[in-house]
Peer 1: 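Mind having a look at this structure? Questions to follow.
Residue numbers run from 1 in the order of the sequence given. Everything numeric in this text was worked out from a predicted model, so none of it was measured. Both backbone and side-chain heavy atoms feed into the values below; hydrogens, waters and symmetry mates do not.
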Amino acid sequence: MIKIDIRENCIKCGKCVAVCPVSVLSQDPKDKTIFVKRVTNCIECGQCAAVCPTRALQHSSFPATSIIDFTKEECPTIEHTMLLLKKRRSNRTFSSKEIPAQDIAKIVEAAYQAPTAHNSRDLAFTVISSPEKLKELTDFTIETYENAIKKLTNSLLKPFLKLKHPKAYHFLPLMQRLNSAYRRGNDAILRKATSVVLFHTKENDSFSLTNCNLAYQNASLMSETLGISQFYIGFLCKAIQLAPGSLEKRLGIKGHIQAAMALGLPKIKFEKYIDRGTPQYKTL
């Protein structure tokens, strides 16, 4: 339901019409009156409610208490934002101290604020902090790699697999090294992380992976702000690709894991960042 207070508050500025991505609203070319044209098109993105300067537009999905005013002065400066981006690193040196629960909650909240294709909001998160469950993530990865190694090195399957999955053989030496290190007591998957955030979606459509990775970027920047170390668990994500649905079944997750983040309080802190220079680009 969308209502516009035409008589009292609406100043006919047309901002709501301009920002709506799916043409729900329209404006009379003569008297500039705003009206609802195609409410069935609405994807509940909240653009119209957020841009209305007088709160004349009422949307059933966004009660007045959910629409928060802010000022530019409250936002980080360009310099502060750039510093945060430049100093963010994938720090894999974790202490054994637990991350405060309120900090993890902030990281997940930041992740959920990320944009999603078609405003699907198909984002869900699972936080794993118990040592037993964390070990289960590593065990799953190693077991999946062991199964893949057996297939890739099988003399009967090898000729066929080399033709069908040639890139898998580029990853084979790394899987072998990771498994060998694990047998020696070195977990190169989680690297003693004290918490893991799994990003998952109910559906597994063409935008699901993108949506979760956008959410991951938000989470990584919040982690940096809080002084919490993090890194993308690429080895776990690769194992999930090799054995689709298996980890979800183990953990009781109804959906598809698309990304994973390792978290921990830093054992070593960086006090410098590397200047990567000026990016090269062209304007067309």
Peer 1: Checking the side chain of S208 only, and the main-chain atoms of E203 only, is there a donor and an acceptor separated by less than 3.5 Å?
Peer 2: yes
Peer 1: Keeping the roles fixed (side chain from N41, backbone from V22), state whether a donor-acceptor pair exists under 3.5 Å.
Peer 2: yes
Peer 1: Would you please test L221 and L85 for side-chain contact (heavy atoms from CB on, under 4.5 Å) and show each step?
Peer 2: CA-CA 8 Å; L221 292 174; L85 294 169; 3.7 Å; yes
Peer 1: Show the numbers, then the answer: is there a side chain to side chain donor-acceptor pair (under 3.5 Å) between N211 and Q258?
Peer 2: CA-CA 9 Å; N211 290 340; Q258 309 284 355; over 6 Å; no
Peer 1: May I ask you to check whether over 12 heavy atoms, not counting those of K106, lie within 6.0 Å of atom NZ?
Peer 2: no
Peer 1: Checking F140 against Y145 for the ring-ring contact (aromatic ring centres under 6.0 Å, His included) test, could you report, in this order, the C-alpha distance in whole Å, the side-chain angles of both residues, the deciding distance, and whether it holds?
Peer 2: CA-CA 9 Å; F140 162 77; Y145 285 177; 8.9 Å; no
Peer 1: side-chain contact (heavy atoms from CB on, under 4.5 Å) between L83 and H80: does it pass, once the steps are laid out?
Peer 2: CA-CA 5 Å; L83 176 59; H80 287 157; 5.5 Å; no
Peer 1: Salt bridge (Lys or Arg N to Asp or Glu O under 4.0 Å) for R250 and E143? Distances and angles first, verdict last.
Peer 2: CA-CA 13 Å; R250 282 195 191 192; E143 290 167 12; 2.5 Å; yes
Peer 1: Treat each ILVMFWY residue as a node, draw an edge where side-chain heavy atoms are under 4.5 Å apart, and state whether L172 and L174 are in one component.
Peer 2: yes
Peer 1: At what distance, to the nearest 0.5 angstrom, does CG of L209 lie from CG of N204?
Peer 2: 8.5 Å
Peer 1: Is there a side chain to side chain donor-acceptor pair (under 3.5 Å) between N213 and T210? Walk through the geometry before answering.
Peer 2: CA-CA 5 Å; N213 282 325; T210 301; over 6 Å; no
Peer 1: Please walk me through it: do L84 and E224 pass side-chain contact (heavy atoms from CB on, under 4.5 Å)?
Peer 2: CA-CA 7 Å; L84 181 67; E224 188 71 29; 3.5 Å; yes
Peer 1: Tell me whether S220 contacts the main-chain N or O of Q217 through its side chain, where contact means a donor paired with an acceptor under 3.5 Å.
Peer 2: yes
Peer 1: Which atoms form the tightest heavy-atom contact between R55 and A64, and what is the distance?
Peer 2: NH1-O, 3.4 Å
Peer 1: Between atom CG of L25 and atom CD1 of I34, what is the distance when rounded to the nearest 0.5 Å?
Peer 2: 7.5 Å
Peer 1: So how far is it from K267 NZ to R92 CZ, rounded to the nearest 0.5 Å?
Peer 2: 16.0 Å
Peer 1: Minimum heavy-atom separation for N9 to A56, with atom names?
Peer 2: CB-CB, 3.6 Å
Peer 1: Nearest 0.5 Å please: distance from the NZ atom of K87 over to the CD atom of E271.
Peer 2: 10.5 Å
Peer 1: Quick one: closest heavy-atom pair of R89 and R276, and the distance?
Peer 2: NH1-NH2, 3.8 Å
Peer 1: Are side-chain heavy atoms of F207 and T201 found at a separation under 4.5 Å?
Peer 2: no
Peer 1: Using a 4.5 Å cut-off on heavy atoms from C-beta on, say whether the side chain of H59 contacts that of C42.
Peer 2: yes
Peer 1: I need the minimum non-hydrogen distance between R38 and S23, along with the two atoms involved.
Peer 2: NH1-O, 3.6 Å
Peer 1: Are V51 and L57 linked, directly or through other ILVMFWY residues, by side chains that come within less than 4.5 angstrom of each other?
Peer 2: no
Peer 1: Quick one: which of H200, K133, E248 gives a side chain to side chain donor-acceptor pair (under 3.5 Å) with T126?
Peer 2: H200
Peer 1: Closest heavy-atom contact between K37 and S26?
Peer 2: CD-CB, 3.9 Å
Peer 1: Would you tabulate the side-chain donor-acceptor contacts of residues 188-195 under 3.5 Å, counting partners in other chains and residues two or more places apart, or write 'none'?
Peer 2:
| residue | atom | partner | partner atom | Å |
| --- | --- | --- | --- | --- |
| S195 | OG | S129 | OG | 2.8 |

Peer 1: Heavy-atom count around Y169 OH within 6.0 Å, excluding the residue itself: above 12?
Peer 2: yes
Peer 1: Any sub-3.5 Å donor-acceptor pair from Q113's side-chain atoms to A110's backbone N or O?
Peer 2: no
Peer 1: Under a 4.5 Å cut-off applied to non-hydrogen side-chain atoms, are D122 and T116 in contact?
Peer 2: no
Peer 1: So, do T144 and L247 sit near enough that their side-chain heavy atoms are less than 4.5 Å apart?
Peer 2: no
Peer 1: Nearest 0.5 Å, what's the CD-CG distance between E136 and L251?
Peer 2: 5.5 Å
Peer 1: With side chains defined as the heavy atoms from C-beta onward, is the minimum distance between F270 and N91 less than 4.5 Å?
Peer 2: yes
Peer 1: Side chains of C20 and Q47, heavy atoms from C-beta outward: is any pair under 4.5 Å?
Peer 2: no
Peer 1: Please identify each residue that fulfils salt bridge (charged side-chain N to carboxylate O under 4.0 Å, His left out) with E98, with sequence neighbours left out.
Peer 2: none
Peer 1: Connecting only ILVMFWY residues whose side-chain heavy atoms lie within less than 4.5 Å of each other, what is the rest of V108's hydrophobic cluster?
Peer 2: I99, I104, I107, Y112, L123, F125, V127, V197, F199, Y216, M222, L226, I228, Y232, M261, L263, L265
Peer 1: Please determine whether a side-chain nitrogen of the Lys or Arg among K135 and E132 lies less than 4.0 Å from a carboxylate oxygen of the Asp or Glu.
Peer 2: no
Peer 1: Is F231 close to F94 at the side-chain level, that is, under 4.5 Å between some pair of heavy atoms?
Peer 2: yes
Peer 1: Output the distance between atom CD1 (I233) and atom OG1 (T141), rounded to the nearest 0.5 Å.
Peer 2: 8.0 Å
Peer 1: Are side-chain heavy atoms of T138 and L236 found at a separation under 4.5 Å?
Peer 2: no
Peer 1: Count I, L, V, M, F, W, Y as connected when their side-chain heavy atoms are under 4.5 Å apart, and connections chain through other members. Are Y273 and M82 then in the same cluster?
Peer 2: no
Peer 1: Are I149 and L161 linked, directly or through other ILVMFWY residues, by side chains that come within less than 4.5 angstrom of each other?
Peer 2: yes
Peer 1: Grab the two heavy atoms, one from P76 and one from T81, that are nearest each other, plus how far apart they are.
Peer 2: CB-OG1, 3.5 Å
Peer 1: As a quick check of understanding, evaluate side-chain contact (heavy atoms from CB on, under 4.5 Å) for S90 and R88, giving each step before the final call.
Peer 2: CA-CA 7 Å; S90 296; R88 190 198 70 80; 4.2 Å; yes
Peer 1: Should L242 and L178 be counted in the same cluster of Ile, Leu, Val, Met, Phe, Trp and Tyr side chains packed under 4.5 Å apart?
Peer 2: yes
